[in-house]
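Here the structure is laid out as structure tokens; the discussion comes afterwards.
Heads up: numbering here begins at 1 and tracks the sequence.
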Amino acid sequence: MLEGKALIEDTDMPLKMQIQAMACASQALDLYDVLDCKSIAAHIKKEFDKRYGNGWQCVVGSNFGCFFTHTKGSFIYFTLETLNFLIFKGAAYS
């Protein structure tokens, strides 16, 4: 687990939640092939829904763009091994 260090690009998550996000990503990489980004993202989303309540979103890959509104204190974007991870809890759009 966590053989390579994660590099946080941007976040507004509390530190404890950041650590959980990176540990969950590392666990998913142990369970699934690195090319199976959909299963990796699903694993992380389900873990965050279970731990912090429903409404979490997760994007995993090496090349993607995004535009979203998130709940304050619920966003992290980091790189681990060859993949980028975006985790956030959705917010109502106004």
Margin query: As a quick check of understanding, evaluate side chain to side chain contact (heavy atoms under 4.5 Å, CB included) for Phe78 and Glu9, giving each step before the final call.
Written below: CA-CA 5 Å; Phe78 63 95; Glu9 302 288 345; 5.6 Å; no
Any side-chain to backbone donor/acceptor pair from [X] onto [Y]? Under 3.5 Å, distance only.
X: Asp12; Y: Ser74; value: yes
X: Thr71; Y: Gly90; value: yes
X: Gln57; Y: Lys89; value: no

Are [X] and [Y] close enough that some pair of their side-chain heavy atoms sits under 4.5 Å apart?
X: Leu29; Y: Phe85; answer: yes
X: Phe75; Y: Phe68; answer: yes
X: Cys66; Y: Leu86; answer: yes
X: Ser26; Y: Leu80; answer: yes

Nearest 0.5 Å please: distance from the [atom1] atom of [X] over to the [atom2] atom of [Y].
X: Ile76; Y: Gln20; atom1: CD1; atom2: CD; value: 11.0 Å
X: His43; Y: Phe48; atom1: NE2; atom2: CZ; value: 10.5 Å
X: Met22; Y: Leu7; atom1: CE; atom2: CG; value: 10.0 Å
X: Trp56; Y: His70; atom1: CH2; atom2: NE2; value: 9.0 Å
X: Asp30; Y: Gln27; atom1: CG; atom2: CD; value: 7.5 Å
X: Ile87; Y: Gln18; atom1: CD1; atom2: CD; value: 10.5 Å

Quick check: closest heavy atoms across [X] and [Y], and the distance to 0.1 Å?
X: Ile44; Y: Cys24; value: CA-SG, 3.8 Å
X: Gly73; Y: Pro14; value: O-CD, 3.4 Å
X: Cys37; Y: Gly61; value: SG-CA, 4.0 Å

Margin query: Using the rule that Ile, Leu, Val, Met, Phe, Trp and Tyr join whenever any side-chain heavy atoms are under 4.5 Å apart, tell me whether Met17 and Ile19 fall into a single cluster.
Written below: no
Margin query: With a 4.5 Å cut-off on side-chain heavy-atom distances among I, L, V, M, F, W and Y, is there a chain of contacts connecting Val60 to Val34?
Written below: yes
Check: Quick one: side-chain hydrogen bond (donor to acceptor under 3.5 Å, both in side chains) partners of Thr79, sequence neighbours excluded?
Finding: Asn84
Notebook entry, point to check: For Lys45, what residues pass the side-chain hydrogen bond (donor to acceptor under 3.5 Å, both in side chains) criterion, not counting sequence neighbours?
Noted result: Asp49
